[in-house]
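Below you'll find the structure, written out as structure tokens, and then a few comments.
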Amino acid sequence: RWPGLLHQRALIRAEDDLWIVADWIQGTGRHTLRLSWLINAAEAQGGGTRWTFRMREERMCLDLQAPPGASALYRAGERVAGDDVEASAVPLGWRAPAYLLRTPAYHYLYRSQPGLPTRLISRFTFGELDPSALRFAWEGDGPGFTAAFLEVTVTVDDAHLAHPPG
């Protein structure tokens, strides 16, 4: 949408307990980046770039790896935690499960002005899985990375899943 900028996104699902959304923004100079997640949950705990959400009987954790920036959590039109990062005429923290029906939901918003190129990595873990059990490292300057989770290793290169030999 902006000349000279390229955004690439990869979604990696490792079983049902781990999802990784990797965003690469390529270009030059400083630009304002905004990442937004709408989460239908009953409760939220945490702060900054690490949150735990309770959804019915299940738990979901969000851990964002990103350049320094500001973040906030909104619900039902009100900021419930974090910095006031969005001046919006549209109230944040609502979802529409059906036409003309609006129910409260958590809206996580992150905003930063890093130099490019940069990466934003959103890790979602579900159930009782501990997000700190995931060791995560980049290989080189491209979009490829390796994530080691417990005893399972997943290698991703250019957004294609590949299983390592052995």
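Met60 has its side chain out of reach of Thr125: every pair of non-hydrogen atoms, C-beta onward, lies at least 4.5 Å apart. Put simply, the side chain of Arg119 does not reach to within 4.5 Å of the side chain of Asp23, judged on heavy atoms. Using a 4.5 Å heavy-atom cutoff, the side chains of Leu62 and Arg50 are not in contact. Looking only at side-chain heavy atoms (C-beta outward), Gln65 and Leu120 stay at 4.5 Å or farther from each other. At least one side-chain heavy atom of His31 sits less than 4.5 Å from a side-chain heavy atom of Leu5. Taking the side chain as every heavy atom from C-beta outward, Tyr74 and Tyr106 never approach each other to under 4.5 Å. In this structure the side chain of Thr103 never reaches within 4.5 angstrom of the side chain of Trp94, judged on heavy atoms. Between Val80 and Leu73, the closest side-chain pair of non-hydrogen atoms falls below 4.5 Å.
Scanning all heavy atoms of the two residues, the minimum distance from Glu57 to Arg54 falls at O-NH1, 4.0 Å. Scanning both residues, Ser112 and Pro68, for their nearest heavy atoms gives OG-O, 2.8 Å. Scanning all heavy atoms of the two residues, the minimum distance from Arg30 to Gln113 falls at NH1-O, 2.8 Å. Nearest heavy-atom pair across Asp83 and Ala72 is O-CB, 2.8 Å. Among all heavy-atom pairs drawn from Ala41 and Met55, the shortest one is CB-CG, 3.8 Å. Between Trp51 and Ala81, the closest heavy-atom pair is CH2-CB, 3.5 Å.
In this structure, the side chain of Thr118 does not engage the main chain of Ile25 through any donor-acceptor pair within 3.5 Å. Proximity of a side-chain donor or acceptor of Arg95 to a complementary backbone N or O of Ala105 within less than 3.5 Å is not detected. Side chain of Arg75 to main chain of Glu78: no donor-acceptor pair is present (N/O by atom type, distance under 3.5 Å, no hydrogens or angles). No donor-acceptor pair closer than 3.5 Å links the side chain of Arg13 to the backbone N or O of Trp19.
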Take Glu43 and Phe53 through the test side-chain contact (heavy atoms from CB on, under 4.5 Å) and record every step on the way to the result.
CA-CA 6 Å; Glu43 299 175 19; Phe53 298 92; over 6 Å; no
Worked check of side-chain contact (heavy atoms from CB on, under 4.5 Å) between Arg79 and Asp84
CA-CA 7 Å; Arg79 180 170 43 96; Asp84 194 11; 3.7 Å; yes
From CA spacing to verdict: side-chain contact (heavy atoms from CB on, under 4.5 Å), Trp37, Phe124:
CA-CA 11 Å; Trp37 294 112; Phe124 295 92; 3.7 Å; yes
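Separating the SG atom in Cys61 from the CZ atom in Phe126 is a distance of 9.5 Å, to the nearest 0.5 Å. Separating the OG atom in Ser71 from the CZ atom in Arg111 is a distance of 13.0 Å, to the nearest 0.5 Å. Rounded to the nearest 0.5 angstrom, Tyr108 OH and Leu38 CG are separated by 14.5 Å.
Crowding of Gln45 atom CD: a count of heavy atoms from other residues, nucleotides or ligands under 6.0 Å not exceeding 12.
With Leu35 as reference, Leu64 is the one residue of Val21, Leu64, Leu109 to meet the side chain to side chain contact (heavy atoms under 4.5 Å, CB included) rule.
Put simply, Leu101 and Leu92 are part of two different groups of oily side chains (I, L, V, M, F, W, Y) that touch within less than 4.5 Å, one to the next.
With sequence neighbours excluded, the residues satisfying salt bridge (charged side-chain N to carboxylate O under 4.0 Å, His left out) with Arg34 are Glu86.
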